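Here is the structure we will look at, set down as structure tokens.
Just so we're clear, the structure is a prediction, and the values are computed from it rather than from any experiment.
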Amino acid sequence: MPKLTIDGTEIEVEAGTSVLQACEQLGIEVPRFCYHERLSVAANCRMCLVEMERSPKPIASCSMPCADGMVIRTNTEQVQRARKGVMELILINHPLDCPICDQGGECDLQDQAVAYGFDRSRYTEEKRSVNDKDFGPLINAEMTRCIHCTRCIRFCEEIAGVSVLGAVGRGTHTEVTTYVGRTIDSELSGNLADVCPVGALTSKPYRFTARPWELRKTETIDVLDAVGSNIRVDTRGGEVMRVLPRLNEDVNEEWISDKTRFACDGLKRQRLDRPYVRRDGRLQPASWDEALAAVATRLAGVAGTRIAGLAGDLVDAEAMVALKDLLQALGSPNMDCRQDGARFDALERVGYLFNTTIAGIEQADAILLIGTNPRIEAPLVNARIRKRYREGGLKVGVIGPQLELTYSYDHLGSGPEVLTALAEGTHPFAAVLKAANRPMLILGAGVLARDDGPALQAAARQVAVTANLVRADWNGFNVLHLAAARVGGLDLGFLPQAGGRDTRGILEGAQAGEIEVVYLLGADEIDASRLGSAFVIYQGHHGDRGAHRADVVLPGAAYTEKNGTYVNTEGRVQRGRMAVFPVGEAREDWKILRALSERLGHRLPYDSLAQVRDRLAAVNPLFAGAENPASALWRPFGQSGVPGSEPFQPPFDTFYMTDPISRASLTMAKCIDAFVPSREGKTGTHG
């Protein structure tokens, strides 16, 4: 390990550490534009110049590896002159756009110009200008502001895995642009606005809407997929203005998906802001007293076995435990949190978790994807796989349709017969898994939603056993869920109780007239036409599919409007926080259920959020733990059976509209128009 001296302080660092990184370890700030901790080193902005003893000129600290005996000085007169010279050159062609630039107030160039800029320009020639470019509906490109740091190019190539940006031209004619006029077609493209150190790439939907100093910032959790990305919600008044990533190395690092970032405008559209009761065949506005009274009147005298409840994909754990307690008080065993109709063994937690953890993907050397497309189901999981792939030595096999992934893979087949061969150890890829040091499989949620889901879960478990995926210090069996509420519901046991019906049974019972009342807690992904003549109570925040079929609508709060607990696909318990108040007369979901329980004569025993969370911990102690996923013991799970022969199919057609919020988003609609047709006929990269 080399030892060097920086500004008179001796430090020992790991081999391969750059001088800039060593300076950061000592708390010495070194300015930079092109350097980014998660991207390869370009060393082309020269802003990070420092003085090195015995060097005839300043060195670029980002690209110079530390060596024994180095003596570095970061604040000498020569260094100051060099940095001011670099800043002057950068600002020669930079337009004076700060008053109208969306990056103003959080711009690296602006901040560093304060320290190293000059109060006037010596440049008298005309500034260079670049024609406007169309990068699609998400990213606004003002490339006249570009300083050619190439962060955006490296992000697309290395993190997003799409070769869409590059530099063309030479010298003063150099431009960063897309190839042959393409838009930036990636599920992670919004992160370009974060990595750009100037205002060249900014968020197009957020453009000219707010200034950063006007916004109230709330740290919370994303619920539009099962990853549980850590986010910051910026609000002004009662409106969500934008969503930004929050650093969490174990979950999303510092990236978020485009749906997480840009679907927030759906929070302003098609909202349920007051109760409704169906009268004369139409939903009519009502007061809370009228709506709760209508529910109480209809439930009076109905046997518990003829009442059912379904929890949706965006529901917090507090609401689910309240609905479960209420249904049990009414004597109903009919409840399910798997509104996709999935049937699998949920008794053993290890059988439905992403046991390797998302960060654990970086340790894997063989991955089997079963009926899942992580690029659209969980872009941050896909980014982790690509990150591991770029390090080399990773073999990826895919069972299912041919995919357009961001890394090479072996297409093993499209149906369950391949999974059966792997479980028996007769398929060649079984030897690859068995020979790997840390092999893993990822079972898609769409597989479990099939009629033969239990048999496929058992077959996947047998693959884990046959290929030795589970060891003393490693569990390579993983399920990639799609819904933020799924694991929390399973952990709470929001499942059919003794003699109860699951989602399919509830729908069949409603069609047959055996289920009289169905409570939809944010459940919008079911086939509402199968509810027959049942009395439907819908509690949610958008006028989506469930609300259209409802007889009574109880307006709930969206994820940005309440304090809620969510469990991501790896079993990590996380807390979302209220950023704005619910719209209109909407209320937090557990409070609605608490008020309804009193009307029904079965008062729930909690009056505060703290008491509800005590109830969560009583149902499952995992909800009282820290935000680290608790590992599950490897035990037998799954139901024996013969899988069907139908090939695996993706659970949804498009990444951009998968839930009530994104379906209400105008930005996501623009993405459908811009990006989805461009993928027709593409089969991806495979071996």
Test item: side-chain donor near acceptor, S287 and D289, under 3.5 Å: no

Can I307 and I515 be said to form a side-chain contact (heavy atoms from CB on, under 4.5 Å), step by step? CA-CA 6 Å; I307 302 171; I515 296 292; over 6 Å; no

Within the 3.5 Å criterion, strictly below it, is a donor on T372 or E377 matched to an acceptor on the partner's side chain? yes

Between R501 and P496, the two heavy atoms sitting closest are O-CG, 3.5 Å

Do Q539 and Y519 pair up side chain to side chain, a donor and an acceptor below 3.5 Å, judged on atom types alone? yes

Taking the six-membered ring of Y656, is NZ or CZ of K259 closer than 6.0 Å to its centre and within 45° of its axis? no

Given the side-chain rings of W634 and F637, with only the six-membered ring counted for Trp, is the space between their centroids under 6.0 Å? yes

Under-4.0 Å salt bridge between D234 and R242: yes

Between S665 and S662: side-chain donor-acceptor atoms closer than 3.5 Å: no

For residues E570 and D250, report the shortest heavy-atom separation together with the two atoms involved. OE2-O, 4.1 Å

Side-chain donor-acceptor pair present, E187, N382, cut-off under 3.5 Å: no

Set of side chain to side chain donor-acceptor pair (under 3.5 Å) partners for R211, sequence neighbours left out: none

Are the side chain of N478 and the backbone of L441 linked by a donor-acceptor contact shorter than 3.5 Å? yes

Identify whether the distance between the nearest side-chain nitrogen and carboxylate oxygen of R279 and E290 falls below 4.0 Å. yes

W590 vs Y606 aromatic rings, parallel, tilted or perpendicular, using cut-offs 30° and 60°? perpendicular

Between C337 and R486, what is the shortest heavy-atom contact and its length? O-NE, 3.2 Å

Closer than 3.5 angstrom, by distance alone: can the side chain of D336 be matched with the main-chain N or O of N334 as a donor-acceptor pair? no

Within a 6.0 Å radius of atom CG on D653, are there more than 12 heavy atoms belonging to other residues, nucleotides or ligands? no

For F354 and I361, the nearest pair of non-hydrogen atoms, with its separation, is CZ-CD1, 3.9 Å

Check whether the side chains of D313 and Q339 place a donor and an acceptor atom closer than 3.5 Å, and report yes or no. yes

Above 12 or not: heavy atoms from other molecules or residues under 6.0 Å from CG of D473? yes

Of V233, T220, T218, the one forming a side chain to side chain contact (heavy atoms under 4.5 Å, CB included) with T560 is V233

R575 side chain to T565 side chain, donor-acceptor N/O pair below 3.5 angstrom: yes

Can you see which heavy atom on A664 is nearest to which on H542, and at what distance? CB-CD2, 3.7 Å

To the closest 0.5 Å, what do you measure between CZ (R549) and OG (S529)? 9.5 Å

Heavy atoms, side chains only, cut-off 4.5 Å: are R615 and V619 in contact? yes

Heavy-atom pair of closest approach, residues G556 and D589: CA-OD1, 3.5 Å

